[in-house]
Amino acid sequence: GLTDLLPDAVVAVPASADAAAAVRFFRPARRPPTVAESFTLGDEAVDYVNEHFKAVLGLEFMELENEKAYCPYLLEDKKRYAGRKHEIDGKGVIHDKGIECKGLETERRDTLPFVKVILQDCLALLMYEMDEHRAFECFRDHMRALLEDRIPFESYIMKKKLSAKVEAKVDTIVQARVNAERRARAPGSEAAPNEYVQWVYINGPKNVVRATLLAKDPAFVLEDGDKINRLFYFEHAIRDPVKRLFKVFPTLSMERECLTISAQLDALRMNVGSGITRQLTSAPADPAPVRIHVPAGMSASAGARKRRKK
C-alpha cells in the first residue's frame, strides 16, 4: 500500500469524491521534509493512489491532485486549522500564499472584532516567526490593554442577523431582545427581519441567569454611560478561542494566565483593588523559548475530484 511506497507517510484517506486528504510525510522522530520535498512526495503519493483507483478499484472517474503544502501547520480539531500555505505553479516555482485558516473564529462573520485581532496577531507570530512564546506574550499584551480599558468601543460590538423565526423570542434570543428594546425606546429605528442587530454586553449581576439581560444597543450604551462588561467578554468570547489556539504548547502557562485575568477583571467590575494587575503587567514571560511545536509537521493537501469520462 501507500505506506510501503512511502514508509514515513501518515495518510488521511478521503471519505467522499470532493473531500481532501491531508498527508504528513514523516514520523515525529525524523527530520521533516522541506516544502519542496513535500511537493515531490505529494506527487508520488498522488500517482500511486490514482493508479490504485483505476487498476484495483476500477474508479476511472476519481482523481487526486496535489494542490498545496502547509508549513507550519496548526490543527485545532477536525476542519479547524491554520497554516502557512504554499502552492506550486506549472513551472515548478513554489509561492508562499500566506496564512490560511479554516473553521477558526477569524473566519466567522459574528466573531467579536477584538477576538479576531488577538487571533490574527498571535497567528502571525506562530506562522512567520515560529515562536509560541512571542505569540503568548502578544496575547498578554492584548489582555493588559483589556485590563487597562484601552480597547476601542467598536471592538466590543457584536452582531447577528435577525430572522423572522426568532424575532418574537425576546426572552432567549439576544438580537430579538435588543431589537425589541430599540423599538420601544426609538420607534422606527429597529431592524427589520433578515437585517443585522448590533449590541454590546454591559456590567450587571455576575451570576445573571441569561446573558441576553446584559446585552444593549451600542447607541444606548453610549447615551446612558454604561460600563462594558469586560469579564463577560473575556470568559464568553476571548478565553476559549485563545486556549484552543495555544493548547498544543504544553510549556505555556495558559490556564494560570486565564485564571489571573478573570480574577482581575472581576475585581475591576466590583471596584475592588488588588495586586493582580501588577502581577499580570509586570510578570516576566515564560521561560526561554524552546523550539516551536507547530512546524514539526507539514501537510500536503490532495483534493479528490471527479473527472468526466471522455
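In this text the structure is predicted, and so the values were computed from the model without any measurement.
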### Task
Please step through salt bridge (charged side-chain N to carboxylate O under 4.0 Å, His left out) for the pair Glu181 and Arg183, ending with a clear verdict.
CA-CA 5 Å; Glu181 179 188 9; Arg183 182 186 299 111; over 6 Å; no
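- Residues Met158 and Phe220 do not share a hydrophobic cluster, clusters being chains of Ile/Leu/Val/Met/Phe/Trp/Tyr side chains in contact below 4.5 Å.
- Within the 4.5 Å cutoff, no side-chain heavy atoms of Asp47 are placed close to those of Glu51.
- Among pairs with a residue in residues 118-128, those fulfilling side-chain hydrogen bond (donor to acceptor under 3.5 Å, both in side chains) read Asp121-His142, at least two apart in sequence or across chains.
- Between Lys243 and Asp240 there is no salt bridge, since no side-chain nitrogen of the basic residue lies less than 4.0 Å from a carboxylate oxygen of the acidic one.
- By the 4.5 Å heavy-atom criterion applied to side chains, Leu265 and Glu235 are not counted as neighbours.
- Rounded to the nearest 0.5 angstrom, Met143 CE and Cys258 SG are separated by 8.5 Å.
- Between Leu125 and Phe136 there is no side-chain heavy-atom pair separated by less than 4.5 Å.
- The existence of a salt bridge linking Glu167 and Lys169 is excluded, since no basic side-chain nitrogen approaches an acidic carboxylate oxygen closer than 4.0 Å.
- Looking at every heavy atom in both residues, Thr34 comes nearest to Glu37 through N-OE1, 2.9 Å.
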### Message
Evaluate Glu100 against Lys68 for side chain to side chain contact (heavy atoms under 4.5 Å, CB included), listing each step before the verdict.
### Response
CA-CA 11 Å; Glu100 181 177 79; Lys68 52 196 172 184; 3.6 Å; yes
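- For Glu132 against Phe246, the heavy-atom pair with the smallest separation is O-CE2, 3.9 Å.
- The residues Asp89 and Lys91 are annotated as not salt-bridged, no charged nitrogen and carboxylate oxygen being separated by less than 4.0 angstrom.
- Asn229 places a side-chain N or O within donor-acceptor distance of the main-chain N or O of Phe232, the cut-off being under 3.5 Å.
- Distance alone, capped at 3.5 Å, places no donor-acceptor pair between the Arg134 side chain and the Glu129 backbone.
- In this structure, Glu223 pairs ionically with Arg185, as a charged nitrogen and a carboxylate oxygen lie closer than 4.0 Å.
- Taking all atoms of both residues into account, the shortest heavy-atom contact from Arg177 to Ala215 is NH1-O, 3.3 Å.
- Between Glu76 and Lys247 there is no salt bridge, since none of the side-chain N atoms of the basic residue sits less than 4.0 Å from a carboxylate O of the acidic one.
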#### Entry: Step-by-step side chain to side chain contact (heavy atoms under 4.5 Å, CB included) determination, His86 to Lys97
CA-CA 6 Å; His86 301 79; Lys97 295 294 186 176; over 6 Å; no
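- Ion pair Arg80/Glu107 not flagged as a salt bridge, since none of the NZ, NE, NH1 or NH2 atoms sits closer than 4.0 Å to an Asp/Glu carboxylate oxygen.
- Within the model, atoms CD of Glu137 and SG of Cys122 stand 10.5 Å from one another, a figure rounded to the nearest 0.5 Å.
- How far NZ of Lys160 is from CG of Leu162: 12.0 Å, rounded to the nearest 0.5 Å.
- A continuous path of Ile, Leu, Val, Met, Phe, Trp and Tyr side chains, each step under 4.5 Å between heavy atoms, connects Ile228 with Leu222, placing both in one hydrophobic cluster.
- Contact check for Pro72 versus Met130: side-chain heavy atoms found under the 4.5 Å cut-off.
- Leu112 and Ile157 fall within a single hydrophobic cluster, where Ile, Leu, Val, Met, Phe, Trp and Tyr are joined by side-chain heavy atoms under 4.5 Å apart, directly or via other members.
- Taking the side chain as every heavy atom from C-beta outward, Thr111 and Thr106 never approach each other to under 4.5 Å.
- In this structure, Lys216 pairs ionically with Asp224, as a charged nitrogen and a carboxylate oxygen lie closer than 4.0 Å.
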Kindly list each side-chain donor-acceptor pair under 3.5 angstrom involving residues 186-204, sequence neighbours excluded, with atom names and distances?
| from | atom 1 | to | atom 2 | distance (Å) |
| --- | --- | --- | --- | --- |
| Ser189 | OG | Arg182 | NE | 3.2 |
| Ser189 | OG | Ala186 | O | 2.6 |
| Glu190 | OE1 | Gly188 | N | 2.9 |
| Glu195 | OE1 | Ala192 | N | 2.9 |
| Tyr196 | OH | Arg109 | NH1 | 3.0 |
| Trp199 | NE1 | Tyr201 | OH | 3.3 |

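- Ion pairing of Arg84 with Asp96 is present here, as a side-chain N (NZ or NE/NH1/NH2) and a carboxylate O approach within less than 4.0 Å.
- When side chains are defined from C-beta on, Leu119 counts as touching Pro241, because their heavy atoms get closer than 4.5 Å.
- Applying the side-chain contact (heavy atoms from CB on, under 4.5 Å) criterion to Leu75, with sequence neighbours excluded, gives Tyr73, Tyr81.
- The two atoms that bring Met254 and Val242 nearest to each other are CE-CG1, 3.8 Å, heavy atoms only.
- Between Asp226 atom CG and Leu214 atom CG the span is 11.0 Å, to the nearest 0.5 Å.
- Under the 3.5 Å distance criterion, the side-chain polar atoms of Thr260 are matched with a main-chain donor or acceptor of Arg256.
- Within a 6.0 Å sphere centred on NZ of Lys116, other residues, nucleotides and ligands contribute more than 12 heavy atoms.
- Using a 4.5 Å cut-off on side-chain heavy atoms (C-beta onward), Thr212 and Thr172 make no contact.
- Interatomic distance, CZ of Phe153 versus CG of Asp149, reported as 11.5 Å (0.5 Å rounding).
- Shown here are the ring pair (Phe, Tyr, Trp, His ring centres under 6.0 Å) partners of Tyr156, two or more places apart in sequence or in another chain: Tyr233.
- Within 6.0 Å of CZ in Arg108 there are 12 or fewer heavy atoms belonging to other residues, nucleotides or ligands.
- The minimum heavy-atom distance between Ile118 and Ile238, with the atom names listed, is CD1-CG2, 3.9 Å.
- When all heavy atoms are compared, the tightest approach of Val46 to Asn66 is CG2-N, 3.7 Å.
- Contact of the Ser38 side chain with the Tyr70 side chain is not registered, since no non-hydrogen atoms from C-beta on lie closer than 4.5 Å.
- In this structure, NE2 in His236 is found 8.5 Å from CG in Leu231, a value given to the nearest 0.5 Å.
- Scanning for side-chain contact (heavy atoms from CB on, under 4.5 Å) contacts around Thr40 gives Glu44, with sequence neighbours left out.
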### Task
Decide yes or no on side chain to side chain contact (heavy atoms under 4.5 Å, CB included) for Arg144 and Leu147, but give the supporting numbers first.
CA-CA 5 Å; Arg144 291 185 189 99; Leu147 284 166; 5.7 Å; no
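- In terms of the side-chain contact (heavy atoms from CB on, under 4.5 Å) criterion, residue partners of Ile88 (sequence neighbours excluded) are, by chain and number, Phe39, Ile94.
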